[in-house]
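Heads up: the structure comes next, in structure tokens.
Model, not experiment: these values are computed from the prediction. We count residues from 1, following the sequence as given.
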Amino acid sequence: MDQEKRVLLAFLISIAMLMLWRALFPPPRPPKATAPAPAKATSAQPTAATAMPTPPPKPVPLPVAQGVKTEEIVVEGDLYRVTLSTQGAKVKSWVLKKYFDENEKPLDVVNGPACETLGFPMSIHLDDQALSARLNSAFYVANPPGTALRAPVKVSFTYSDGKVRVEKEFAFGKGYEAHVEASIFDGERYRPLAVAWPGGFGDHSLPIKDAEARSLAVYKAPEEGKPRTMTLTKIKEERLIPGPLELAGSADRFFVGVFLPDSPPDATFRVNVQAWTPPEWKEKEPAKPLEAILASPEQKPLAFRLFVGPKDLDVLRAEKPPLDGLVDFGWFKWFAELLFLPLRYIHDHWIHNWGWAIVILTLLINFAMFPLRLKSIRSAQEMQKVQPLIKSIQEKYKQYKFNDPRKQRMNEEMSKLFKEHNINPLGGCLPMVPQLPILWGFYRLLDLAIELRHAPWALWVRDLSSPDRVHLFGYDFPVLPILLILTTFIVQRMTPMATVDPGQQRMMMIMPIAFGFFFFRLAAGLNLYYVTANIVGIGQQILINRMAPRPSAGLAPAGRQKQPQPSGSGGGGVRNGVL
């Protein structure tokens, strides 16, 4: 059966299965609506004609509470230093003390220059924009008073002009989590409100384009298995995510800031791309930081936990609910997490250098995979022997179309050929299948592990999470990607190919350049892993070639085998598998 018939058959089977499933398991019918029983009028209850309208409640008089000037309150814990301002009761900076930016300064995940224009974190959003602007610029009264506080501590801010009262309370603990509660009371009821984290989130010392490429909006409903993400390219306009929400917020490559609503059913999440032009920005298009907004449509205070911290698996797993799903290792998540365990063990117990830990783990993995590599190489060598015979069979049937029944004879002859020479045509590929999850898991691990951020290796490699560059003669040279191209080319030349087609061989020789181009902007830790794997592969290939030398010539097609000629006759014959 040809490929088109297989696709058509699969499509028909899928349609039949869907129809069968709907017949066996029909969707439940909605219950019939029943009219409510009319209430019986009694002498004790007034009828609709005699019922009096309920007068609206009178506004409760609100005492005035206003500050007189801007004061900054610094709350410091072992892991963070947060600066709050009495003007707007907003967050001016949020420093993670254990981490540093690209300028070797303590990392502030608040984009201060952008927030001067776009607004600071924990600013209020209301439908009445004029009222929002007034409340975000008003002077609040702080309690307890003081400019320097030590966590754990609660800090409350109050503002009232006699018509509306705004209260915000921040409770800081020992970890990366804070509890926030905000409310607006107008004398009659609480008003729906939202709080925002504008200006983007994360390491703002990176180049703006790099930071935007890694900027994400994240959210998760309680019944979902893992958080969902949205990149800048997916957010063309403001997006509304209805509740219930277990978490929602912003993230970059290594850090995350998320709201964890106390009442998930009542929370909604809005994400917006803002426009901001830095003073030094010379591009035509402005920068596009994300704005994350948590809202409550209910007429009650908005309460939530705010987690601002690193994408450290141990830290994220300790949260309730666990937040380790924010580190997206992709399809082979379990392999990536399993590989991280020996990598961390080697770093913590053998050698306190993440670069050498990558080298050692790469050596161990390649030695463990050596039997599979040996089997794959030997299978390729056997396929190389019979390539002339395969080519002759293909030439014999090349005039027939793909759907011609006579084309089936070609497959039968090739199957017979493989059976006669005891060759599995997939023998060169199957041993590589178990290695794919490991390779992809290692790729994702070394790209996202925060432990590699700003971790040095040796010589010129000072940050395993960034591309390596050596500045020579006024230029930056990517040393590891160049080594990757050279070692990949050597491995390609040393490894026997299962084909003798010159076009395919030339294509395989181009792959090292494409591979190096792909890894040019990737992290030094990834390049170090692949360069080490290539060097080990070269050594293993030398050993394999000695154990099982390459075939010097292929098998001649049946009916075309030439008699051996006397020495020195200058005859032809088979050379390098080609007649």
Next item on the list: Check whether any side-chain heavy atom of Phe335 lies under 4.5 Å from a side-chain heavy atom of Leu445, and answer yes or no.
Entry: no
Note to self: Are Leu459 and Val479 packed together at the side-chain level, in the sense that at least one heavy-atom pair is separated by less than 4.5 angstrom?
What the structure shows: no
Note to self: Under a 3.5 Å distance rule, please check whether Asp468 uses its side chain to pair with a backbone N or O of Leu480 as donor and acceptor.
What the structure shows: yes
Notebook entry, point to check: Do Ile235 and Asn272 touch side chain to side chain, with heavy atoms closer than 4.5 Å?
Noted result: no
Item checked: Any side-chain heavy-atom pair of Leu522 and Tyr443 under 4.5 Å -> yes
Note to self: Please check: side-chain N/O of Ser205 versus main-chain N/O of Glu102, any donor-acceptor pairing under 3.5 Å?
What the structure shows: yes
Checklist line | Which atom of Thr488 lies closest to which atom of Leu484, heavy atoms considered | finding: OG1-O, 2.6 Å
Next item on the list: Would you check, one step at a time, whether the test side chain to side chain contact (heavy atoms under 4.5 Å, CB included) holds for Asp328 with Thr229?
Entry: CA-CA 10 Å; Asp328 184 14; Thr229 60; 5.7 Å; no
Item checked: Where Leu446 and Gly525 come nearest, the two heavy atoms and their spacing -> CD1-O, 3.5 Å
Next item on the list: Would you check if Val461 and Leu528 make a side-chain contact, meaning some heavy-atom pair closer than 4.5 Å?
Entry: no
Next item on the list: State whether Phe201 and Arg214 meet the cation-pi test: NZ (Lys) or CZ (Arg) under 6.0 Å from the six-membered ring centroid, and within 45° of the perpendicular axis.
Entry: no
Note to self: Tell me whether the rings of Tyr345 and His349 are parallel (<30°), tilted (30 to 60°) or perpendicular (>60°).
What the structure shows: parallel
Check: So, for Ala449 and Phe254, which heavy atoms are closest and what is the spacing to 0.1 Å?
Finding: O-CE2, 3.6 Å
Margin query: I'd like to know if Lys288 pairs up with Glu212 as an ion pair, taking the criterion as any Lys NZ or Arg NE/NH1/NH2 lying under 4.0 Å from an Asp or Glu carboxylate oxygen.
Written below: no
Next item on the list: For residues Arg253 and Ser465, determine if any side-chain heavy atom of one lies less than 4.5 Å from a side-chain heavy atom of the other.
Entry: yes
Margin query: Around atom CZ of Arg228, are there more than 12 heavy atoms from other residues, nucleotides or ligands closer than 6.0 Å?
Written below: no
Item checked: Leu290 versus Ser215, closest heavy-atom pair with distance -> CD1-OG, 3.2 Å
Note to self: If we ignore hydrogens and angles and just use 3.5 Å, is the side chain of Glu246 paired with the main-chain N or O of Pro321 as donor and acceptor?
What the structure shows: no
Check: Any chance CZ of Phe517 has more than 12 other-residue heavy atoms, nucleotides or ligands included, within less than 6.0 Å?
Finding: no
Next item on the list: Run the numbers on Arg444 and Leu339 for side chain to side chain contact (heavy atoms under 4.5 Å, CB included), then give the verdict.
Entry: CA-CA 11 Å; Arg444 297 295 293 171; Leu339 285 170; over 6 Å; no
Next item on the list: Take Phe442 and Leu361 through the test side chain to side chain contact (heavy atoms under 4.5 Å, CB included) and record every step on the way to the result.
Entry: CA-CA 10 Å; Phe442 221 148; Leu361 184 57; 3.7 Å; yes
Checklist line | Lys311 side, atom NZ; Ile450 side, atom CD1 - distance, nearest 0.5 Å | finding: 9.0 Å
Check: Is a donor on one side and an acceptor on the other found under 3.5 Å between the side chain of His352 and the backbone of His347?
Finding: yes
Check: Between Lys220 and Leu323, is any pair of side-chain heavy atoms under 4.5 Å apart?
Finding: no
Notebook entry, point to check: Does atom CD of Glu104 have more than 12 heavy-atom neighbours, drawn from other residues, nucleotides or ligands, at distances under 6.0 Å?
Noted result: no
Check: Heavy atoms, side chains only, cut-off 4.5 Å: are Met230 and Tyr219 in contact?
Finding: yes
Check: Under the 3.5 angstrom rule, does the side chain of Asn353 hit a backbone N or O of Trp457 as a donor-acceptor pair?
Finding: yes
Check: Any ion pair linking Asp312 and Arg453 (charged N to carboxylate O, less than 4.0 Å)?
Finding: no
Notebook entry, point to check: Of all heavy-atom pairs between Pro310 and Phe255, which one has the smallest distance, and what is that distance?
Noted result: CA-CD2, 3.6 Å
Next item on the list: Of all the heavy-atom pairs spanning Gly202 and Asp252, show the shortest one and how long it is.
Entry: CA-OD2, 3.3 Å
Checklist line | Residues Glu337, Arg317: salt bridge by 4.0 Å N-O rule | finding: yes
Item checked: Flag if over 12 foreign heavy atoms under 6.0 Å of CZ, Arg469 -> yes
